[in-house]
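Here is the structure we will look at, set down as structure tokens.
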There are 4 protein chains.
Amino acid sequence: MTTPQSPRSDTRARIIDVALELFAEHGYEKTSLREIADRLGVTKAALYYHFKTKDDIVRGIVEKMAAPLDDAIAFGEGKDWSPELRDELLRRFAAGMGERAPLLRFFHENQPALRESAAGLAFKERMIKMITLLHGPEPTFRDKLRATVALTSMHSAMFLLKADLCGPGRESADSASVSADEAMEAALEVALEVAAHIEPPAH
Amino acid sequence: MTTPQSPRSDTRARIIDVALELFAEHGYEKTSLREIADRLGVTKAALYYHFKTKDDIVRGIVEKMAAPLDDAIAFGEGKDWSPELRDELLRRFAAGMGERAPLLRFFHENQPALRESAAGLAFKERMIKMITLLHGPEPTFRDKLRATVALTSMHSAMFLLKADLCGPGRESADSASVSADEAMEAALEVALEVAAHIEPPAH
Amino acid sequence: MTTPQSPRSDTRARIIDVALELFAEHGYEKTSLREIADRLGVTKAALYYHFKTKDDIVRGIVEKMAAPLDDAIAFGEGKDWSPELRDELLRRFAAGMGERAPLLRFFHENQPALRESAAGLAFKERMIKMITLLHGPEPTFRDKLRATVALTSMHSAMFLLKADLCGPGRESADSASVSADEAMEAALEVALEVAAHIEPPAH
Amino acid sequence: MTTPQSPRSDTRARIIDVALELFAEHGYEKTSLREIADRLGVTKAALYYHFKTKDDIVRGIVEKMAAPLDDAIAFGEGKDWSPELRDELLRRFAAGMGERAPLLRFFHENQPALRESAAGLAFKERMIKMITLLHGPEPTFRDKLRATVALTSMHSAMFLLKADLCGPGRESADSASVSADEAMEAALEVALEVAAHIEPPAH
DNA sequence: CATGAATGAGTCTTCATTCAT
DNA sequence: GATGAATGAAGACTCATTCAT
């Protein structure tokens, strides 16, 4: 069903890339199909050859970019919960999403739009699945929250990265020189810290 | 005729309340001035009597709702950093923002719109200030990130709260029964956990 | 009917002055009552105390400013046409309107608005009356046209005056230094030149 | 279905024609895009397919209609000034603009709107260029004014034509029967009269 | 595969005007 | 004499979407 018989055309893939970039940067609502089309050098109508609707582009984005998340979920599902599993899940999530930062940004910063979108909800389902895998069985609300917060640390790291650039004269010696990769590394560490507090039932 | 409670029309205040409610629920872009006006039983033009522009309503929201944040900042500013100060700041932030959850939701879930808004940026500045007070002097990037993540825990708690309600058949015994207040309490605890890892320079 | 029993309030007069200034500068349509009110330091509603409607302000302008025109018309009416009368009429028109340049500008540059305005038509009537007095009895179309063109020379002079300021690098030695008064003088001369060609019936 | 006359839609051209007609008749500000669209039997949005903005329609009008003016300017530019050149320029201007009377009307009667329009200023530049060609080198202010007044005679003729029709009971025997063509002829003659007074430097 | 042309619904915004106080 | 609050109508403009070619 998801495996196409042919490369599905280059344009389709380019639309997805450009759309995600713009959605992450300017937001879903503020990004018009014309902008996407213009940046690709095609007409709006061309987009409609590849996608039935604007929301369908989101579906395309999710389908293409959520693979690492699905892999992590597949890896965790069925296995018994353990601190090691928990940490491995976070590592896989970080590895997969670190390179797909725009997707996370899009997800976190466009909830209102995504809430009304089938594709958006599908991605949210995955995030929630990931959360449940992280906190394991019989979680307290606190545990659920720790799992959730751990998953958001990546996005927070990006927020910080952008914020430091704009803020006037607030560049402490070290943080100004942090690269995106280093930021993601730090995000994983902090995520592990948070998750470490998750207390499994003492069976 | 419509029972005016106070001599000076309270319409302005009502606009702010309704607008924040709708902005948080449906998003800034998806909330039209017509919706706000309708829910208030006035015409769109009435909104323009009180606010020069849609974005100006955001400014109004921030000005009215950011007071607790400002108080917390004022409390922390000038004081020497200490773990106690850090925790007290978080407590004050939680106390102030817990009751203003919609504001936080609006802030986190509408970044694209807020990025292009003077009022939005003003609020962001406050959040960043709060972050710097939390991590104290000479922070590592990790410390900054911990401060940031701590501040987001409140919003994550709300995300969880909503997610549990909507998600189909995923109500684990305890979390379904968590009240908003309990959630905020948990959020504060997790925030304190995260912030506890902040390592001050060993002067 | 036009003679008020009292100074009619200072505000009324100030409204008229400011309105004409703005109407001439930015045009009738582009000038909002708010602009007029703001510049006067009063509220829009205050304007409505003095004038029933926006168009009524135009009526006020005409009533206050058209006096010199009426004087010239009164002077010419009833008298037998002669080249001397014609020239004297032009001189009086020039003397009266030179100081009321904004009125002429308003009239010439806002025809579309004035065409739909009772007050505007009233002023137009006066201009047409002036034209008929200028060309005298049994005019050819050419004569009428000469009279018309003569009356427009004042406005053309103002057009030139403004145009020279903006045009990039087009300031020939003499014209750049022309004052408004000199321009009006020149306008009268050219008007007399044009009118001189009017050929009266050789009775 | 609606009999498309030419392969490439002629809608753009029709918009320009209808828009100029309405702009000249009711004024730029008072003409809404809905009116233009309605008269063409299309929707407002269709206008926006062809023109980015209302002002862009003006640009379209000028680009399409100013050709004769450009031709006259091209003819005059570079040539040494002489009374013959001056008169030939006027003749060409009259020939070109006589058929485009609405454009002149639009220009003269909508200055406030045109002053704020790039397209409007572009046309004004041409008019000013035409003026400078007419008066030749080292003009006195009077000469410039004569050139200006000469160019306005066409518009004054139209003013007269319309005035006679509307004015109540003021139709002198001959002028009522003047056709548009005759009026333009008269306008050219008067223009030549005015321009004849231009005094070139006695080099 | 893709475009050119067009639509319908809706957005923010502005304005002249009104009226109780 | 004047204001504060509000309205109704309208305006320019944008956008996702459609469809014949």
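Every heavy atom of this structure was used, including side-chain atoms; hydrogens, water molecules and symmetry mates were not.
Considering all non-hydrogen atoms of both residues, S117(C) and V58(C) come closest at OG-CG1, 4.3 Å. Here the shortest heavy-atom pairing between F51(D) and G60(D) reads CE2-CA, 4.3 Å. Contact record, K64(D) with A13(D): NZ-O, 4.3 Å, taken as the closest heavy-atom pair. Between G27(C) and N110(C), the shortest heavy-atom contact is CA-OD1, 3.4 Å.
Only at 4.0 angstrom or more do the heavy atoms of residues 19-40 of chain A sit from any atom of DNA chain E, so none qualifies.
In this structure, G41(A) and A45(D) both approach DNA chain E, and ranking their closest nucleotides by distance from the 5' end singles out G41(A). With DNA chain F read from its 5' end, the first of the two nearest nucleotides for L47(B) and D55(A) is the one closest to L47(B).
Comparing dA2(F), dT3(F), dA12(F) by their closest approach to the side chain of H50(C) singles out dA2(F). For Y49(D), taking side-chain heavy atoms from C-beta onward, the closest of the listed nucleotides dG4(E), dT17(E), dT13(E) is dG4(E). Closest to the side chain of V42(C), out of dC1(E), dT3(F), dA6(E), is dT3(F).
In this entry the distance linking CD1 of I15(C) with C1' of dG1(F) reads 11 Å, nearest Å. As a whole-Å value, the separation of Y48(C) OH from dA6(F) P is 19 Å. Here dG10(E) presents its P atom at 15 Å from NZ of K54(B), a figure rounded to the nearest Å. One interatomic measurement links the two molecules: CG of D10(D) to C1' of dA5(E), which rounds to 12 Å at whole-angstrom precision.
Remark: T53(C) is not in phosphate contact with dA16(E), judged by side-chain N or O atoms under 4.0 Å from OP1 or OP2. Contact annotation: T11(A) side-chain N/O to dC1(E) OP1/OP2 distance is not under 4.0 Å.
Rounded to the nearest 0.5 Å, atoms CZ (R39(A)) and CZ (R34(A)) are 12.5 Å apart. Rounded to the nearest 0.5 angstrom, F106(B) CZ and M65(B) CE are separated by 11.0 Å.
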Can you run through DNA chain F from 5' to 3' and write each base as (, ), [, ], | or . depending on how it pairs? Watson-Crick or G-U wobble, both distances under 3.5 Å. .||||||||||||||||||||
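Ring geometry, H108(C) versus H155(C): the interplanar angle falls under 30°, so the pair is classed parallel (tilted spans 30 to 60°).
Cation-pi geometry between K30(D) and Y28(C) is not met at under 6.0 angstrom from the ring centre and within 45 degrees of the axis.
Listed by chain and residue number, F23(D), I36(D), I57(D), I61(D) satisfy the side chain to side chain contact (heavy atoms under 4.5 Å, CB included) test with A19(D) (two or more places apart in sequence, or in another chain).
Spacing between dT21(F) and dC1(E) at atom P, rounded to whole Å, works out to 22 Å.
Between the side chain of K44(A) and the base of dT17(F) there is at least one donor-acceptor pair of N/O atoms closer than 3.5 Å.
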